[in-house]
Amino acid sequence: MKENKEFVKEVTDIEEDFAKWYTDIVLKADLADYTDTKGCIAIKPYGYAIWENIQKYLDKKLKEAGVKNVYLPVLIPENLLQKEKDHVEGFAPEVAWVTKGGQEELEEKLCIRPTSETVFSNLYAKWLKSWRDLPLLYNQWCNVLRWEKETRPFLRSREFLWQEGHTLHETEKDAKEFTIKILNIYQDLIENLLAIPVLKGEKTEKEKFAGADNTYTVETLMHDGRALQSGTSHYIGQNFTKAFNIKFQNREGKEEYAYQTSWGVATRLIGAVIMAHGDNRGLKLPPRVAPIQAVIVPIALHKEGVEDKAREIYEILNNNFRTELDLRDNYSTGYKFNDWELRGVPVRIELGPRDIENGVCVLVRRDTLEKTTVKLNEIQEKVSELLEDIQKNMFDECAQRVKQRTTIARNMDEFIKNINENQGYVKAMWCGKEECEIKIKELTGASSRCIPFEQEKISDNCVCCGEKAKKMVVWGRQY
RNA sequence: CGAGGUGUGGCUCAGUUGGUAGAGCGCGUGGUUUGGGACCAUGAGGUCGCAGGUUCGAUCCCUGUCACCUCGACCA
């Protein structure tokens, strides 16, 4: 295939400057745009459609798990936010406040929610009476605001969209099980919808959520080898239920504090899709989440019968797939090919006079750019097969990268060498002390991603201090 | 929040030793095209990031500020 140098120049080279490549793609694939409000992006239709597909998939899974959707206020009175000590300490630096209503100074300032544990907890204290009310499984799809200093579209913006689930349970065991159940739903979402393999595990004490007893995470690895925390599920225990007095009468008639969880995934997942799959031609969307799964590009549109045939094919395909018919007459065919590749559409269908004469069309897959000629009367099943194959292939390619970029380190020299040469994940033993975690970060730039559920023994001793190791930890430089 | 960088049509940039701005791409219109970013003609579009200051005069010099980018610290 002839490489078009001019085009490649238009998008920053992915190997040369990944950060620039990323923002290029966000803008050029028409996912989002900057606004005059710092740190707040405008999500454009094509980007929002990805989010809608994520929502649709996840919402169904959550409902199957018994979760119900609610909506709570965006403003939180100061006293509520301050009820749980660790929580307020964790979030205070990045909270935005409303201090005035019209011209009047408020008696009590209101914070714009950075997360809603406090609001849920406050209401749960009112709503929970009996063990019969448990488990209480609520979720909300909403926006939150965190006063980030440094921002990037989708990955870290001040305002972002997410879902936050907040649940109450009768026992510690129930709550812990539910925390993991949600983590598994996140894994399913990210692996099966977004085609990105996850690393599952528990956060260290240092990295866990402010106010939680345990934080579990699904981590993903981006094209450049940096890790992205893609979803978290927290076992909150009784920290909030005690602070907010959330009690129920148990089966023996005694009052007891409930056990709590919270969990969320955000529009950051869109960033993950971009950075995990993209290449020098632009975005590469997994079929299941792609707003447009197949695009028909008619060739020599003005020629007799081409448009009619294209419309006919469109009608057939659009019944089963999210299909687009590109009838723009102000762009050349070549331009359209590049444009749809930039936007990451999994399957392109080329249909020209020559094909129509032969009763065929050309299918081009975005992941490998491979072209195949198929009979028009078989197009539906061929597209279907291709979409499935692309979905699978994209996951496999990502998994391959994770494998290639995962190394082990028995000492700090190995650690530093590996992280510098290979980026990616480094597996190393850890003694459990925070000072070693901090030192490793200083020396390598890598933070602890998680303590994986699937442990393996690299060596007996902590990679940092050499003392007896407690856990195998996966480390990496993060976004 | 620390260190550095950049702000001139939508984009990439040029330019003015201080005298009020230009090119390519893109965009509109008409036409010819269409199998990997087509061509011809024609047209629209800028208070030179914003606010002060110096000056007869500031896009240019000075001060401040804001936004964006990169690298660190913090986070979904």
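Letters A, B, ... are given to chains in the order of the sequence lines, protein chains preceding strands, and every chain is numbered from 1.
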**Q** Any side-chain N or O of A/Y479 under 4.0 Å from OP1/OP2 of B/C71?
**A**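 Answer no for this pair, as no side-chain N or O of A/Y479 is under 4.0 Å from OP1 or OP2.
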
**Q** Which of parallel (below 30°), tilted (30 to 60°) and perpendicular (above 60°) describes A/F209 and A/H87?
**A**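 Geometry flag for A/H87 against A/F209: tilted rings.
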
**Q** Give the nucleotide from the list B/C75, B/G36, B/U70 with an atom nearest to the side chain of A/V364.
**A**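 Of the options given, the side chain of A/V364 lies nearest B/G36.
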
**Q** Side-chain donor or acceptor of A/R156 under 3.5 Å from a matching atom on the base of B/C75?
**A**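 Under the 3.5 Å cut-off, the side chain and the base do form a donor-acceptor pair.
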
**Q** Which listed nucleotide (B/G36, B/U34, B/G35) is nearest to the side chain of A/K303?
**A**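 The answer is B/U34, which lies nearest to the side chain.
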
**Q** If stacking means aromatic ring centre less than 5.5 angstrom from the base's six-membered ring centre, planes under 30°, is A/H302 stacked on B/U33?
**A**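 Not stacked by the 5.5 Å and 30° rule.
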
**Q** Tell me what A/R152 touches on the nucleic acid: a base, only sugar-phosphate, or nothing, going by heavy atoms under 4.0 Å.
**A**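 Since only primed, P, OP1 and OP2 atoms lie under 4.0 Å of A/R152, the category is sugar-phosphate.
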
**Q** State whether the distance check finds a donor on one side and an acceptor on the other, under 3.5 Å, for side chain A/D339 versus base B/G37.
**A**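 A donor-acceptor contact between them is absent.
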
**Q** Specify the residue among A/E159 and A/I299 whose closest nucleotide of RNA chain B lies further upstream toward the 5′ end.
**A**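 The residue closer to the strand's 5' end, by nearest nucleotide, is A/I299.
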
**Q** Counting the atoms with a prime plus P, OP1 and OP2 as sugar-phosphate, which does A/T151 contact under 4.0 Å by heavy atoms, base, sugar-phosphate, or nothing?
**A**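 The residue A/T151 makes sugar-phosphate contact but no base contact.
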
**Q** Counting heavy atoms from C-beta on, name the nucleotide in B/G35, B/C69, B/C27 closest to the side chain of A/P153.
**A**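 That would be B/C69.
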
**Q** Going by modelled atom types, is there a donor-acceptor pair between the base of B/G36 and the side chain of A/R348 at under 3.5 Å?
**A**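 Yes, a donor-acceptor pair under 3.5 Å.
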
**Q** Anything under 30° is parallel, anything over 60° is perpendicular, the rest tilted; go ahead and classify A/H223 against A/F18.
**A**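 The arrangement is parallel - the two ring planes meet at less than 30°.
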
**Q** Would one find a side-chain N or O of A/S332 under 4.0 angstrom from OP1 or OP2 of B/U34?
**A**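 No, outside the criterion.
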
**Q** Considering Watson-Crick and G-U wobble pairs with both distances under 3.5 Å, what does B/G30 pair with?
**A**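 Answer to the pairing question: B/C40, which forms a Watson-Crick or G-U pair with B/G30.
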
**Q** OP1 or OP2 of B/C74 sitting under 4.0 Å from any side-chain N/O of A/K441?
**A**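 Answer yes for this pair, as a side-chain N or O of A/K441 is under 4.0 Å from OP1 or OP2.
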
**Q** Using a 4.0 Å heavy-atom cut-off across all strands, classify A/E94 as base, sugar-phosphate, or nothing.
**A**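 Answer is sugar-phosphate: A/E94 comes under 4.0 Å of backbone atoms only.
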
**Q** Look up atom CD in A/Q423 and atom CZ in A/R477, then write down how far apart they are to the nearest 0.5 Å.
**A**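 A/Q423 CD to A/R477 CZ: 5.0 Å, rounded to 0.5 Å.
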
**Q** Hey, is A/F160 doing a stacking thing with B/A76, by the 5.5 Å centroid and 30° angle criteria?
**A**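 Base of B/A76: stacked against A/F160.
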
**Q** How is A/F91 classified with respect to the nucleic acid when contacts are heavy atoms under 4.0 Å: base, sugar-phosphate, or nothing?
**A**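 No contact.
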
**Q** Base, sugar-phosphate, or nothing: which does A/V144 touch, judged by heavy atoms less than 4.0 Å apart?
**A**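 No contact.
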
**Q** Among side-chain atoms of A/N69 and A/D59, is any donor-acceptor pair under 3.5 angstrom?
**A**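 Indeed, the side chains of A/N69 and A/D59 share at least one donor-acceptor pair under 3.5 Å.
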
**Q** Could you check whether A/D279 pairs with A/R281 (Lys NZ or Arg NE/NH1/NH2 to Asp/Glu carboxylate O, under 4.0 Å)?
**A**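 No, A/D279 and A/R281 are not salt-bridged.
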
**Q** Base, sugar-phosphate, or nothing: which does A/Y186 touch, judged by heavy atoms less than 4.0 Å apart?
**A**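 Here A/Y186 touches no strand at all.
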
**Q** Mind checking if A/Q229 touches a base, just sugar-phosphate, or nothing, with heavy atoms under 4.0 Å?
**A**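 If one applies the 4.0 Å heavy-atom cut-off, A/Q229 turns out to touch the sugar-phosphate alone, with no base involved.
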
**Q** Taking atom types as modelled, find out whether A/H166 and A/S262 have a side-chain donor-acceptor pair closer than 3.5 angstrom.
**A**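 Note: A/H166 and A/S262 side chains miss the donor-acceptor criterion.
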
**Q** For A/G264, report the nucleic acid contact type (base, sugar-phosphate, nothing); a contact means any heavy atom under 4.0 Å.
**A**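 Since no nucleic acid heavy atom lies under 4.0 Å of A/G264, the category is nothing.
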
**Q** What's A/D17 touching, base or sugar-phosphate or nothing? Going by heavy atoms closer than 4.0 Å.
**A**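 The residue A/D17 makes no contact with any strand.
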
